[in-house]
S.K.: 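Here's a structure for you.
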Amino acid sequence: MKDPLQQLSAMPRAWQASRGSCVIRSCAEDFQVEEELGFIPEGEGEHLFLQLEKRGLNTSDVIKRLARWAEVAPRDIGYCGLKDKHALTRQWFSIGLAGRPDPDVAQLVSEQLALLEASRHRRKLRRGSHRRNHFRLTLRQWQGDRQSLEAVLAQLKQGGVPNYFGEQRFGIDGNNLLAAAQWVRGERRRPARFERGMWLSALRAWLFNELLAERVSAGNWAIPQPGDACMLNGSNSVFSAAEIDAELLQRAAAGDLHPGLPLWGLGENLVSGEQQQSQQQVLAIHSDWLEFLEGKQLHMAWRPARSGLDDFCWQFCDDETLVLEFALAPGSFATAVLRELVDYRDGTGKGKTFIERP
């Protein structure tokens, strides 16, 4: 596999328009993310919940700091999701402290890490347990046709975006995916536990993106087809739809449900008929990946093909600066929104230019 990020950038887009360009992440404040828990910690229990604001640190860095600070094993730290290093993020962590008092906060805070809220709760935080992520993105050095851009912004607000996994899932320069592919071929050592999870996730995410790209090319990524798996909005609930009636189409148009695509593993594939045949054709080139994932005892999971944008709004601060605000469900990527709007360059120099190639 050569240059996964370039292949990702060439995957089809849903909304066709005269494309502009911009720079993202010129500074941490340009890429802000805040987790919304969707519940209030109970105020008692063996787990200390912390809402932290971080910059210049990834989630793994914070977990290591919390483990040292609280004198616990990293496995006792819970979190909702991974967040970017080159961003200003506000996210929640839990620390298992059964029978122990809260550690001294003064020993935790720094220029990179601030404590916003602390409370106790009875259960550990789990991945994806929060309600949604709220984003505030500042796009700088924007160039393009403003009228065309605003037309696409309105389309995104109404119709959402293809729920591609963003380049972050595949590692810097796609290295996690490349390493995973080598692992499948037996060309790489058995990874450590944390690497193992990232590499397996990268394989499943790439397969999902290829299936979604086929649906985007066909123009039916947001429209249920006979034989599809369908997912209720905001839920992991999934069901087979052998036939599509007017009610299902109406619910899809309203954003109440979406076509679902598999995150590969063991278990029943809920897709049937022509949709199943189409998926088999797309995935045939990666038959070794499918067998490998099943051999690792991963179970089939499902992810919606469409991501809706809640509370979506935008504002031009000047002719070259655009601010976007929106909320996404856990697991959806802000960069999947950006790729529908503009070609962008990462201002940190840590990521590749994300430009559509012919």
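The model shown is predicted, which means the values in this text are computed figures rather than measured ones.
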S.K.: Does S201 use its side chain to pair, donor to acceptor, with the backbone of G197 at less than 3.5 Å?
M.R.: yes
S.K.: For a quick check under 3.5 Å, do E117 and W92 share a side-chain donor-acceptor pair by atom type?
M.R.: no
S.K.: Do L283 and M11 belong to the same hydrophobic cluster, where Ile, Leu, Val, Met, Phe, Trp and Tyr are linked whenever their side-chain heavy atoms lie under 4.5 Å apart, directly or via other members?
M.R.: yes
S.K.: Can K124 and S94 be said to form a side-chain hydrogen bond (donor to acceptor under 3.5 Å, both in side chains), step by step?
M.R.: CA-CA 6 Å; K124 180 181 180 180; S94 69; over 6 Å; no
S.K.: Do T59 and K83 have a side chain donor and acceptor closer than 3.5 Å?
M.R.: no
S.K.: Less than 4.0 angstrom from a charged side-chain N to a carboxylate O is my criterion; do E44 and R122 meet it?
M.R.: yes
S.K.: Do D310 and R131 meet the salt-bridge criterion of a basic N to acidic O distance under 4.0 Å?
M.R.: no
S.K.: Measure the spacing between CZ of R55 and OG of S110 and express it to the nearest 0.5 Å.
M.R.: 10.5 Å
S.K.: Is it the case that the side chain of R204 and the backbone of W264 share a donor-acceptor pair, with hydrogens and angles ignored and the cut-off at 3.5 Å?
M.R.: yes
S.K.: With rounding to the nearest 0.5 angstrom, report the CD to CG distance, E320 to L139.
M.R.: 12.5 Å
S.K.: Are side-chain N/O atoms of Q275 and R215 paired as donor and acceptor at under 3.5 Å?
M.R.: yes
S.K.: Can you find a side-chain donor-acceptor pair between S332 and N163 that sits under 3.5 Å?
M.R.: yes
S.K.: Within the distance-only criterion (no hydrogens, no angle test), does the side chain of R100 pair as donor or acceptor with the backbone N or O of A70 below 3.5 angstrom?
M.R.: yes
S.K.: Once rounded to the nearest 0.5 Å, what's the spacing between atom CD of Q168 and atom CG of N176?
M.R.: 12.0 Å
